[in-house]
Visitor: 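Pasting a structure here, questions to come.
Chain letters run A, B, ... following the sequence lines, proteins first and then strands; every chain starts at 1.
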Protein chains: 2
Amino acid sequence: MSLREQKKKETRCRIFEISSRMFREKGFENTTVDEITKEAGIAKGTFFNYFPTKESLLYYFREQKEEFIRTIMNDQISLGISSRQKIENFLVQVAEHYEKERELLRLLFFEQKKLLLTTGHEKSCHSDKRKKHEFFINMLADFVREGMHKGEIRSDADSKVVAEILYAVYFHSLMIWLHSEKDYSFSKDMSAKIAIIFEGIGV
Amino acid sequence: MSLREQKKKETRCRIFEISSRMFREKGFENTTVDEITKEAGIAKGTFFNYFPTKESLLYYFREQKEEFIRTIMNDQISLGISSRQKIENFLVQVAEHYEKERELLRLLFFEQKKLLLTTGHEKSCHSDKRKKHEFFINMLADFVREGMHKGEIRSDADSKVVAEILYAVYFHSLMIWLHSEKDYSFSKDMSAKIAIIFEGIGV
DNA sequence: GGTCATAAATGACCACAGTCATATTTAAGT
DNA sequence: ACTTAAATATGACTGTGGTCATTTATGACC
């Protein structure tokens, strides 16, 4: 790696580290780009060479989270357990992971405008990006389809629709949990709701 | 009503009308407070006497929507139909109402930061406000409880949790629909998902 | 080691949301 | 009609996110 690339990487990293520390310490709105650049020892304009907006720092963070989620998913794929177990494990493990950094997630979800809306249905120019945003629902849909084939999930519904329901409940529960002052277990809440979704609310 | 109150009401109304027209025409970000006040024939500072922030215009809009939803809810209460029917009617009618103003809703949901997160679990100083934000889930919870009493909904789950699931799916489906370019029927999608939730996804 | 094209850094500058001290309008009391 | 206090309007001003023409650093090539 050339000196140039090396330096770029370092600067990008330094900006990111400093920002996330400052965001945690003083909040997103109360941290200015000026402060960040001053602390990072660069000019203001340089910041925008690395991140197009202040908000995009949060996007970057989110991407890292997605990477992690993907690994949790992959861990489940080849296990010899029921699809319901796989789905539950997947969602509960994500929840457990999130429980470790509630404050950070609050930052991510409550300070962002557009990103909040990653419903998994973003229109985007790049088919690449598209996949990236839909990835969570698609992952779930894979599990659901598998369950349908194995006869563990009713197959008279569209797998995508079922995955959407699961994701909707996951996402909303996450929001509720992040908003809440109480520190109940998000993962247990998830677990209970999955049970209800599988068994139905009707008598 | 005194001259003063009259004028205030008129000004507030004018600001709101002009803003919503401009937002629709050119988008939220592309409309400046300067433009709004110029068109309304008031000074910039006056705007902030009526609305604390530019964003709060969208809040105001949302409140009006909530008012409408409340009436839909009340229409259902005393009908002699099953709780499932009531829930379905309620959500589907809200969906049908929204279908008439997709663009406006996109504005509301995609331009707002904090408001997006009205998960129904906002902490707030005023118990008044609290109720206001939770109102959607509480409405659903009322229906659910009724259904449990009448033996139409399984009563081994917490009514609030069930209401959260319903709301989660409603909210997420709304987001997907608003994001989508295609113009499929949101109300039909809602209807299908409610069926799945009632019957469960397990075999 | 010198030259040059290109990548990267810089900070003066701009646009716009939001503030606040001051000016103006209203309406009640006399 | 006059006085006065409170409500309301005003626009110059501020803080901050983001831009861009200019300057500086880098490394390929001779």
Visitor: Give me the residues of residues 31-43 of chain B where at least one heavy atom lies under 4.0 Å from an atom of DNA chain C, by number, or none.
Guide: B:Thr31, B:Thr32, B:Val33
Visitor: Between protein and nucleotides 25-30 of chain D, map the contacts as a letter string: B base, S sugar-phosphate only, - none, heavy atoms under 4.0 Å, written 5' to 3'.
Guide: BBS---
Visitor: Got a salt bridge between A:Lys38 and A:Asp34, using NZ or NE/NH1/NH2 to carboxylate O under 4.0 Å?
Guide: no
Visitor: Rounding to an integer number of Å, can you tell me how far A:Asn49 CG sits from D:dT23 C1'?
Guide: 13 Å
Visitor: Would you call the rings of B:Phe171 and B:Phe109 parallel, tilted or perpendicular, where under 30° means parallel and over 60° means perpendicular?
Guide: perpendicular
Visitor: Please enumerate all residues that pass side-chain contact (heavy atoms from CB on, under 4.5 Å) together with B:Glu39, with sequence neighbours excluded.
Guide: B:Ile18, B:Arg21, B:Met22
Visitor: Under a 4.0 Å threshold between the charged nitrogen and the carboxylate oxygen, would B:Arg106 count as salt-bridged to B:Glu103?
Guide: yes
Visitor: What do you reckon, are the aromatic ring centroids of A:Phe90 and A:Phe136 less than 6.0 Å apart?
Guide: yes
Visitor: Looking only at side-chain N and O atoms, does B:Tyr50 come under 4.0 Å of OP1 or OP2 in D:dT8?
Guide: no
Visitor: To the nearest 0.5 Å, tell me how far A:Phe143 CZ sits from A:Ser159 OG.
Guide: 13.5 Å
Visitor: Just jot down the side-chain contact (heavy atoms from CB on, under 4.5 Å) partners of A:Lys9, sequence neighbours excluded, or say none.
Guide: A:Met1
Visitor: Test of understanding: with side-chain contact (heavy atoms from CB on, under 4.5 Å), list the residues that count as partners of A:Ala43, not counting sequence neighbours.
Guide: A:Thr46
Visitor: Which nucleotide span of DNA chain C, 5' end to 3' end, has atoms closer than 4.0 Å to non-hydrogen atoms of chain B?
Guide: C:dC16 to C:dA27
Visitor: Quick one: on DNA chain C, does B:Gly45 or A:Phe47 contact a more 5' nucleotide (nearest heavy atom)?
Guide: A:Phe47
Visitor: Give one of base, sugar-phosphate or nothing for B:Lys54, where a contact means two heavy atoms less than 4.0 Å apart.
Guide: sugar-phosphate
Visitor: Calculate the interatomic distance between A:Phe48 atom CZ and D:dG17 atom P; express it in whole Å.
Guide: 7 Å
Visitor: First locate atom CG of B:Leu107, then atom OG of B:Ser20, and finally report the distance between them rounded to the nearest 0.5 Å.
Guide: 9.0 Å
Visitor: Could you check whether B:Ser173 and A:Glu164, counting side-chain N and O atoms only, form a donor-acceptor pair closer than 3.5 Å?
Guide: no
Visitor: On the ring face of A:Tyr60, is A:Arg12 found with NZ or CZ under 6.0 Å from the centre and within 45° of the axis?
Guide: yes
Visitor: Taking only N and O in the side chain of B:Lys8, is any of them less than 4.0 Å away from OP1 or OP2 of D:dT8?
Guide: yes
